[in-house]
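Presented below is the structure to which this report refers.
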Amino acid sequence: MEEEMEVMEEREVEERVVEIEHPLPCLSESDTQGIIKGRDLFGYVGIEAVLDQMRRKTMKAGFEFNVMVVGQSGLGKSTLVNTLFKSKVSRKSCTPNYEEKISKTVHLQSVSHVIEEKGVKMKLTVIDTPGFGDQINNENCWEPIVKYVNEQYEKYLKEELNVNRKRRIPDTRVHCCVYFLPATGHWLRPIDVEFMRRLGKIVSIVPVIAKADTLTLEERLEFKQRIRQDLQANGIRVYPQKEYDEDAEDRILNDKIRENIPFAVVGTDKEHQVNGNKVLGRKTKWGIIEVENVAHCEFAHLRDLLIRSHLQDLKDVTHNIHYEAYRVKRLNESNANGLALSPLTLENGTLEKSDAESHL
């Protein structure tokens with residue numbers, strides 16, 4: 001009996017070894033993630049309802065969008081912002097008894113509004129830069145703007161690092177900078193090159209040709225080509241960048257946008273009758289320039305980019321690219337200096353003042 005028991009145990013061990021050497025066929029790691037489509041399901045699961053859940057939460061909470069407008073006085077920055085959102089949202093429109101004075105230095109001023117359309121709420125903040133490019137000596141006039149953008153990143157970073165974080169961190173980061181170029185018909189000015197070269201590293205820049213109705217069609221086309229050449233020659237990064245295209249569909253859409261950059265725009269908040277219809281336009285002796293008519297100017301393309309097609313992408317690029325680069329840089333600095341965050345520094349290495357002392 002003992003011999004029979006030993007033989008049976010040896011056979012069981014051999015069978016186990018065989019099972020280990022020749023395992024049953026199973027899915028490899030690459031095959032474990034399959035795609036089960038609707039026709040393969042046994043019934044309705046309700047996965048698509050997550051979109052309705054996200055929509056309801058977004059409509060309740062709303063969202064923020066912060067846009068900065070930069071350019072010298074008289075280029076129609078306030079008018080264009082009002083035209084974009086079809087309401088008086090610019091600082092100049094909201095300030096009673098406003099008198100435009102040329103500032104001796106660059107002062108950043110912001111105004112916020114809550115805009116609601118079809119139940120969707122958006123807190124819009126428009127940051128204006130009076131005094132930019134208006135002086136005889138405009139050396140380093142971009143520094144207050146660089147400082148402001150970095151301060152908003154720093155504010156967000158400190159909120160993230162708090163032990164007891166807010167459930168929803170207020171987002172004051174600049175999501176887009178619309179840079180206004182005067183319709184000179186020549187090449188980019190040194191101040192334009194230097195500003196966009198510096199700011200393009202920390203914020204999404206969309207260049208526009210202001211008051212494009214002062215140029216003929218031939219002059220406009222030639223000016224746009226010259227600007228694109230200047231941007232490429234100086235390594236200036238403007239939105240949307242090719243390296244941020246996620247797939248072929250995005251690349252096709254963004255290539256069309258890149259072909260139109262910089263946008264030749266005209267802004268106005270006045271309506272006129274054209275063929276029995278009310279249109280936004282500028283009235284001249286020879287006719288009406290329709291702002292939203294793509295045959296007259298490229299305002300519609302700019303509006304589609306900023307609001308209708310790429311608004312969320314602008315926010316994603318700000319958070320995932322620009323803010324992430326800033327966060328990594330600051331945390332590396334803090335690791336080198338100790339556990340606490342070191343004081344925020346400008347590009348030239350000088351220490352910045354605290355929030356209470358800094359008045360942009």
Side-chain angles (χ1 to χ4, degrees), residues 65-96 98 100 110-130 175-183 185 206-221 223-224 239 256-257 259-311 314:
F65 185 59
N66 309 315
V67 58
M68 175 184 285
V69 290
V70 182
Q72 66 188 50
S73 301
L75 292 182
K77 301 188 296 294
S78 299
T79 303
L80 185 70
V81 171
N82 292 341
T83 310
L84 275 171
F85 297 96
K86 293 190 176 181
S87 55
K88 296 186 181 298
V89 295
S90 67
R91 175 182 55 88
K92 189 185 297 185
S93 303
C94 301
T95 307
Y98 176 83
E100 186 170 8
S110 63
V111 59
S112 298
H113 303 270
V114 176
I115 301 176
E116 184 174 353
E117 184 180 36
K118 295 183 178 179
V120 180
K121 294 180 181 179
M122 179 179 73
K123 182 182 178 183
L124 172 69
T125 301
V126 180
I127 304 107
D128 197 1
T129 56
H175 299 129
C176 179
C177 173
V178 182
Y179 188 73
F180 287 70
L181 299 167
V206 177
V208 300
I209 301 172
K211 296 186 176 181
D213 52 330
T214 60
L215 298 173
T216 65
L217 294 178
E218 292 79 9
E219 290 172 341
R220 184 190 302 179
L221 182 61
F223 189 33
K224 285 164 67 78
Y239 182 84
K256 293 180 180 178
I257 295 171
E259 289 174 0
N260 289 322
I261 286 179
F263 298 103
V265 298
V266 177
T268 185
D269 52 4
K270 295 182 179 179
E271 291 184 335
H272 299 279
Q273 289 283 345
V274 176
N275 298 326
N277 299 319
K278 285 186 177 181
V279 297
L280 287 171
R282 287 168 56 88
K283 190 174 183 180
T284 65
K285 289 184 178 180
W286 51 86
I288 295 175
I289 302 168
E290 299 176 33
V291 170
E292 296 178 299
N293 189 339
V294 292
H296 293 186
C297 74
E298 295 170 342
F299 168 81
H301 296 321
L302 174 66
R303 179 195 58 202
D304 291 348
L305 173 68
L306 294 182
I307 303 173
R308 300 185 179 180
S309 63
H310 284 68
L311 189 149
L314 281 165

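Reckoned from all heavy atoms, side chains included, excluding hydrogens, waters and symmetry mates. No experiment lies behind these values; they were computed from the predicted model shown.
Screening V70, I261, V178 for a side-chain contact (heavy atoms from CB on, under 4.5 Å) with P207, the sole residue that qualifies is I261.
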Q: Kindly indicate, with the supporting measurements, whether the criterion side-chain contact (heavy atoms from CB on, under 4.5 Å) is fulfilled by I257 and F263.
A: CA-CA 9 Å; I257 295 171; F263 298 103; 3.9 Å; yes

Q) After noting the C-alpha distance and the side-chain angles of V274 and E290, does the key distance pass the side-chain contact (heavy atoms from CB on, under 4.5 Å) rule? A) CA-CA 9 Å; V274 176; E290 299 176 33; 3.6 Å; yes

Q: Dump the intermediate steps for side-chain contact (heavy atoms from CB on, under 4.5 Å) on L306 and L84, then the final yes or no.
A: CA-CA 9 Å; L306 294 182; L84 275 171; 3.9 Å; yes

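Residues S110 and D128 are not in side-chain contact: their nearest non-hydrogen atoms beyond the backbone lie 4.5 Å or more apart. With contacts defined as side-chain heavy-atom distances shorter than 4.5 Å, the pair H310/Y239 qualifies. Contact of the V81 side chain with the V69 side chain is registered, since non-hydrogen atoms from C-beta on lie closer than 4.5 Å. A heavy-atom distance below 4.5 Å is found between the side chains of R308 and R303.
In this structure, CG on L181 lies 10.0 Å from CD on Q72, to the nearest 0.5 angstrom. Taking CZ from F299 and CG from L280, the interatomic distance works out to 7.5 Å, rounded to the nearest 0.5 Å. Annotation: the span from T83 atom OG1 to E292 atom CD amounts to 9.0 Å, rounded to 0.5 Å. Interatomic distance, C176 SG to N66 CG, rounded to the nearest 0.5 Å: 10.5 Å. Considering SG of C297 and CG of L215, their distance stands at 12.5 Å, rounded to 0.5 Å. Note that CG of L124 is 4.5 Å distant from CE of M122, once rounded to the nearest 0.5 Å.
Across all their heavy atoms, A264 and A212 have their closest contact at CB-CB, 3.6 Å. Contact between L80 and G267 at its shortest, heavy atoms only, is CD1-CA, 4.2 Å. Across every non-hydrogen atom of V206 and L302, the tightest pair is CG1-CD1, 3.8 Å.
No more than 12 heavy atoms of other residues, nucleotides or ligands sit less than 6.0 Å from atom CD of E117.
Although no hydrogens or angles enter the test, the distance criterion places a donor-acceptor pair under 3.5 Å between the side chain of T214 and the main chain of K211. In this structure, H296 contributes its side chain and V291 its backbone to no donor-acceptor pair below 3.5 Å. Of the possible donor and acceptor atoms, none in the side chain of K77 sits under 3.5 Å from a partner among the backbone N and O of F180.
For S112, the side-chain hydrogen bond (donor to acceptor under 3.5 Å, both in side chains) partners at least two apart in sequence or on another chain are T125.
Between E298 and R220 there is no salt bridge, since none of the side-chain N atoms of the basic residue sits less than 4.0 Å from a carboxylate O of the acidic one.
Within the structure, every pair that satisfies the salt bridge (charged side-chain N to carboxylate O under 4.0 Å, His left out) test and touches residues 270-289, not counting sequence neighbours, is listed here: D213-R282.
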